[in-house]
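These numbers come from the heavy atoms of this one structure, side chains and all, not from hydrogens, waters or symmetry mates. The structure presented is a predicted model; accordingly, all values stated were derived computationally and were not measured. Nothing fancy with the numbering, it's 1 onward along the sequence.
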Amino acid sequence: MHVTTCVAKFIEGSSAHRNIFAVNGHPQGARYGGDPYQRSGRDLRLDLFRGLSLIFIFVDHVPDNVLSYLTLQSFSFCDAAEVFIFISGYAAAIVYGKAIQRRGSIIATAQIYRRVWQLYVAHIFLFVIFAALVFYATLNVQHQNYNEDLGIDNFVDEPNIAIVKTLLLQYQPKYLDILPLYVVLLGIFPLVLLLLRRHLALPVMVSAVIYLLTLHFGWQPHSYPDDEAWYFNPLAWQFLFVIGATAGYAPYSRQVLTMPSAWLAKLAIGITVAVAIIRISWTIHGAYEAFPGLLLQELSPLVDDKANLAPLRLASFLALAVTTGHLVRRNNRLLYTPVARLIIRCGQHSLQVFCLGVLLAVLGEILLTSVRDDIAMQLAISLAGIVLMVAIGGLLTWYKEGNAMRSDAVFAADTNAAR
């Protein structure tokens with residue numbers, strides 16, 4: 001119950017039981033005019049931080065990128081992957097929690113698996129484009145074997161097996177490991193929803209047991225070709241996804257968590273600041289070895305196991321989440337600045353922006369190894385990639401708004417004709 005309570009406090013406002021991530025109207029929503037997301041009362045913080053996580057993932061994927069010193073991994077024991085998975089669970093609970101209450105479990109489950117299918121198709125399509133890009137680069141750049149560097153060589157050596165393993169999500173070349181995790185997590189989400197309807201704490205308790213047993217016994221699914229573990233072990237990462245889902249479902253639950261939040265916010269801020277100081281010292285130590293890394297030998301083994309979501313990574317993220325929820329309220333003016341709006345649009349179209357980011361990271365690696373790899377080139381690739389990601393987010397928002405306006409116009413015309 002403690003984990004559920006702590007996460008619920010992350011989404012609390014200044015009032016004792018008011019959920020600041022609840023999906024309701026917003027007095028400043030008019031600032032976005034016709035934005036359909038604003039009319040629906042969508043919490044912009046979810047989109048903002050999901051958009052940031054997508055940008056950070058792209059920046060971190062560009063090899064030896066100097067700009068990665070400014071991403072979350074340089075200031076915390078966690079990185080953008082934790083942010084993305086937590087918000088995915090949170091958003092899924094909001095969307096499908098509302099659906100299961102309004103339309104029943106069968107319709108909600110059908111909607112979930114429709115989204116699972118979209119993610120699966122996107123992953124396969126991304127794999128095809130990824131492979132084509134890598135093959136083209138290998139054929140045209142001398143002295144570089146991108147097939148091997150990016151983990152696509154087995155597709156060349158034994159395509160008959162590799163294609164089957166790809167369809168089974170067991171073949172995960174470099175950068176293509178998050179979507180398979182998301183597909184699996186969303187695939188089990190109907191069961192999570194059913195447990196949430198019974199009791200808010202029940203799925204977290206079950207998930208925590210699975211997580212602890214996974215850490216103790218080393219449970220993990222295996223991938224192709226070397227029978228290695230998945231880069232993101234779903235048996236471990238499901239815990240963070242379920243924590244996010246529990247927090248997102250809290251407004252729809254009959255259970256109320258009444259634990260005071262004042263001390264929790266202070267504790268979370270203290271942990272976040274301490275972790276930031278330690279992690280920054282590690283970052284500086286990595287660039288300048290003479291600088292001491294605080295508690296590096298003692299803590300790094302407890303942080304490095306990203307595949308199994310090491311407990312210290314999880315604790316660091318939860319403290320950061322509580323701190324962020326305490327400092328960035330739903331009506332924060334930051335959410336309505338022009339830069340924030342660009343990032344929010346990326347978060348609102350996360351699947352398309354993520355896929356583009358993966359391809360841009362591959363292209364960036366090819367350019368760095370075939371042209372030059374100095375800091376100027378790293379910055380140019382990073383900034384160009386961010387601009388393209390923001391542009392696709394803006395383009396998709398414009399297209400969606402245009403469709404909404406056309407639908408409204410058709411409805412008005414039909415109504416007038418009926419009169």
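A distance-only check finds no donor-acceptor pair linking the side chain of W219 to the backbone of Y211 [under 3.5 Å]. Judged by distance alone, with hydrogens and angles left aside, the side-chain atoms of S316 form no donor-acceptor pair with the main-chain N or O of L312 at under 3.5 Å. No side-chain donor-acceptor contact under 3.5 Å links Y175 to the backbone of V362. Side-chain atoms of Y171 do not come within 3.5 Å of backbone N or O of S223 as any donor-acceptor pair. The backbone N or O of F291 lies less than 3.5 Å from a partner atom in the side chain of H285, making a donor-acceptor pair. Checking side-chain atoms of S68 against main-chain N and O of D60 turns up no donor-acceptor pair under 3.5 Å. Formation of a donor-acceptor pair under 3.5 Å by the S281 side chain with backbone atoms of L294 is found in this model. A donor-acceptor pair under 3.5 Å links the side-chain atoms of R45 to the main chain of V328, judged by distance alone. A donor-acceptor distance shorter than 3.5 angstrom exists from the side chain of Q238 to the backbone of S207, with no hydrogens or angles considered. Of the possible polar contacts, one joining the N65 side chain to the V59 backbone as a donor-acceptor pair under 3.5 Å is found.
No hydrogens or angles considered: nothing links the side chains of T214 and N233 as a donor-acceptor pair under 3.5 Å. A side-chain donor from one of Q118 and R115 sits under 3.5 Å from a side-chain acceptor of the other.
Counted within 6.0 Å of OH on Y69, heavy atoms from surrounding residues, nucleotides or ligands total 12 or fewer; the atom is thus considered open. The local environment of CG in L139 is crowded, with over 12 non-hydrogen atoms from other residues, nucleotides or ligands closer than 6.0 Å. Counting heavy-atom neighbours within 6.0 Å of Y231 OH, excluding the residue itself, gives a total of 12 or less. By the neighbour-count criterion of 12 heavy atoms within 6.0 Å, atom CD1 of I375 is sparsely surrounded, having that number or fewer from other residues, nucleotides or ligands. For E289, the CD atom sits in a loose shell: 12 or fewer heavy atoms of surrounding residues, nucleotides or ligands are nearer than 6.0 Å.
Side-chain contact check for V192 versus L196: some heavy-atom pair is nearer than 4.5 Å. Counting heavy atoms from C-beta outward, Y96 and P190 have side chains that stay 4.5 Å or more apart. A 4.5 Å side-chain heavy-atom check between V390 and R341 finds every atom pair outside the cut-off. L181 places none of its side-chain heavy atoms less than 4.5 Å from the side chain of F241. Under the 4.5 Å side-chain criterion, counting only non-hydrogen atoms from C-beta, L67 is not in contact with Q378. Looking at L351 and L179, their side chains come closer than 4.5 Å, going by heavy atoms from C-beta outward. Within the 4.5 Å cutoff, side-chain heavy atoms of I366 are placed close to those of L133. Residues L168 and Y224 have side chains not in contact (no heavy-atom distance under 4.5 Å, counting atoms from C-beta outward).
When all heavy atoms of F189 and I112 are compared, the closest pair comes out as CD2-CD1, 3.6 Å. Pairing each heavy atom of S370 with each of V141, the nearest pair is CB-CG1, 3.8 Å. A92 and L186 get closest at one heavy-atom pair: CB-CD1, 4.2 Å. Of all heavy-atom pairs between G151 and P173, the closest is O-CB, 3.7 Å. Across all non-hydrogen atoms, the minimal contact from L70 to S74 is N-OG, 4.5 Å.
With salt bridges taken as basic N to acidic carboxylate O contacts below 4.0 Å, none links R313 and D305.
Ring geometry for F155 against F135 counts as parallel: the plane angle stays under 30°, on a 0 to 90° scale with 60° as the upper cut.
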Task: side chain to side chain contact (heavy atoms under 4.5 Å, CB included) assessment of Y336 paired with I344 - done: CA-CA 10 Å; Y336 303 98; I344 285 168; over 6 Å; no
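Put simply, the residue from D153, T138, D157 that forms a side-chain hydrogen bond (donor to acceptor under 3.5 Å, both in side chains) with N147 is T138.
Between F84 atom CZ and F56 atom CZ the span is 15.0 Å, to the nearest 0.5 Å. The distance from atom CZ of F232 to atom CD of Q172, rounded to the nearest 0.5 Å, is 9.5 Å.
Looking at residues two or more places apart in sequence or on another chain, you find a side chain to side chain donor-acceptor pair (under 3.5 Å) between T283 and R279.
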